[in-house]
*Asks:* 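Have a look at the structure that comes next, please.
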Amino acid sequence: MGPPPQGPDDKALQLMKIFLWSPASGWPSMEAATAPEVAPGSTLKVKEASPADADLPQASPQRGAGSPTPQLLPPIEGGSPSPALSFHHSEHPKIWFPRALRQTYIRKAGDTVNLLIPFQGKPKPRAIWTHDGCALDTSRVSVRNGDHDSILFIREAQRADSGRYQLSVQLGRLEATATIDILVIERPGPPQSIKLVDVWGSSAALEWTPPQDTGNAALLGYTVQKADTKSGLWFTVQERCHRTSCTVSNLIVGNSYAFRVFAENQCGLSETAPITADLAHIQKAATVYKTKRFAQRDFSEAPKFTQPLADCTTVIGYNTQLFCCVRASPKPKIIWLKNKMDIQGNPKYRALTHLGICSLEIHKPGPFDGGIYTCKAVNPLGEASVDCRVDVKAPN
């Protein structure tokens with residue numbers, strides 16, 4: 001008959017013999033350390049010795065109590081370990097992939113790429129990045145690996161940085177991977193050429209060829225602009241045109257037009273655009289207009305004052321202005337008089353005439369500047385004049 005079956009407590013007691021020791025009793029025998037009993041349903045996997053294990057400390061069956069060295073034992077896999085054996089806690093490597101990176105990550109040329117990918121694993125796993133299956137170009141791409149995340153950083157992205165990036169988190173023989181598709185785009189090149197196909201009435205037909213460089217992105221369409229030779233200003237006539245031809249209508253009769261076309265993608269319009277070599281001349285219809293002759297109205301008239309001068313009283317030392325309005329055709333000559341004496345050219349007076357409004361400014365009048373002032377208007381059809389009295393008083 002075989003030995004009686006052992007219960008869970010007997011199993012734990014026997015396994016604990018592997019780890020429990022005392023200076024007085026010494027170490028257990030090698031048979032007790034390498035042949036533990038395993039409960040039914042559990043599997044004990046012992047990792048084969050490798051050259052790296054040669055440097056590990058080995059336990060001696062008979063060591064003194066002075067400086068004992070623990071015995072290194074293989075882990076038990078497949079079963080529920082006893083609480084007495086839970087000395088080390090480990091986690092399988094796993095990558096927490098952000099939802100936003102599950103689609104193609106698009107950046108413009110010159111932008112910064114800064115990706116933080118969290119992961120887990122104990123002990124600390126090893127994180128490795130690759131670009132299209134090859135090692136990263138460390139002169140352009142920087143990687144920082146922490147305990148729980150890895151950061152991929154590109155200061156100024158270029159189109160050469162586009163491709164598939166793979167993050168591999170390794171822990172022993174276990175490995176977790178995640179892939180990120182990065183697309184770096186820029187403005188497209190201009191269409192290769194543009195041609196004026198036909199002109200009829202007030203319309204023109206255009207054709208062009210697609211650009212050689214689409215900027216690493218799909219084209220959203222073409223923008224067509226026109227400019228007349230008189231102003232030289234460009235105006236958009238069609239946006240997001242998906243074909244390589246279009247018809248421009250409602251052109252002004254008698255003008256000549258040039259056309260240009262831009263390519264457009266997600267980054268914007270191309271920096272340059274080809275211009276048509278030929279101008280579209282919108283011809284005028286051969287129509288002869290007969291105009292009726294009308295008798296010219298004669299607007300000539302002799303001077304007539306519509307607003308006369310007004311009498312005024314001023315104070316010594318304060319500038320004074322006189323105003324009147326005159327109507328005449330042709331334009332009359334204005335003459336100012338004081339007490340019937342011509343004062344033209346006198347620096348004390350300044351006379352102005354604008355749109356029929358006549359003004360005379362008396363600069364700091366004195367006691368002798370009072371009197372009768374006359375404004376006289378003369379043209380070939382006649383003359384007219386108006387008078388006013390100016391009194392100068394001493395200040396109170």
*Asks:* Verify the neighbour count for atom CG of D132: are there more than 12 heavy atoms of other residues, nucleotides or ligands below 6.0 Å?
*Replies:* yes
*Asks:* Thinking salt bridges, do E361 and R350 make one under a 4.0 Å N-O criterion?
*Replies:* yes
*Asks:* Give a yes or no on whether I185 and V113 share a hydrophobic cluster (residues Ile, Leu, Val, Met, Phe, Trp, Tyr; joining criterion: side-chain heavy atoms under 4.5 Å apart).
*Replies:* no
*Asks:* Under 6.0 Å between the ring centres of W208 and Y222?
*Replies:*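 Ring-ring flag for W208/Y222: true, centres closer than 6.0 Å.
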*Asks:* Which residue is it: S359, C375, C312, C358? I am looking for the one with a side chain to side chain contact (heavy atoms under 4.5 Å, CB included) to L322.
*Replies:* C312
*Asks:* Kindly write out the residues that satisfy side chain to side chain contact (heavy atoms under 4.5 Å, CB included) with A258, not counting sequence neighbours, or none if the list is empty.
*Replies:* W234, I275, T276, L279
*Asks:* Assess whether a salt bridge exists between R389 and D311, defined as any Lys/Arg side-chain N lying under 4.0 Å from an Asp/Glu carboxylate O.
*Replies:*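 Between D311 and R389 there is no salt bridge, as every charged N stays at least 4.0 Å from the carboxylate O atoms.
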*Asks:* Are any of the side-chain nitrogens in D161 or R107 under 4.0 Å away from the carboxylate oxygens of its partner?
*Replies:*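 Here D161 does not pair with R107 in a salt bridge, since their nearest N and O are not under 4.0 Å apart.
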*Asks:* Would you check, one step at a time, whether the test side-chain hydrogen bond (donor to acceptor under 3.5 Å, both in side chains) holds for W129 with S150?
*Replies:* CA-CA 9 Å; W129 287 88; S150 180; 2.7 Å; yes
*Asks:* Is it the case that over 12 heavy atoms from other parts of the model lie below 6.0 angstrom from the CZ atom of R126?
*Replies:* no
*Asks:* For K364, does the NZ atom sit with more than 12 other heavy atoms under 6.0 Å from it, leaving out its own atoms?
*Replies:* no
*Asks:* Taking CZ in R102 as the centre, count heavy atoms belonging to other residues, nucleotides or ligands within less than 6.0 Å. Is the count above 12?
*Replies:*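 Yes.
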*Asks:* So is K338 actually on top of W336's ring, under 6.0 Å and inside 45° of the axis?
*Replies:*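 No, a cation-pi geometry is absent between K338 and W336.
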*Asks:* For E207 and S245, does a side-chain donor sit closer than 3.5 Å to a side-chain acceptor?
*Replies:*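 Absent: no donor and acceptor within the cut-off.
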*Asks:* If hydrophobic residues (ILVMFWY) are linked whenever their side-chain heavy atoms come closer than 4.5 Å, directly or via other members, who joins L116 in its cluster?
*Replies:*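 Joined to L116, directly or through intermediates: I151.
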*Asks:* Can you confirm whether the side chains of T112 and N114 place a donor and an acceptor under 3.5 Å from each other?
*Replies:*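 The answer is no; no qualifying pair exists.
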*Asks:* So, are R159 and E186 salt-bridged, with charged N and O less than 4.0 Å apart?
*Replies:* yes
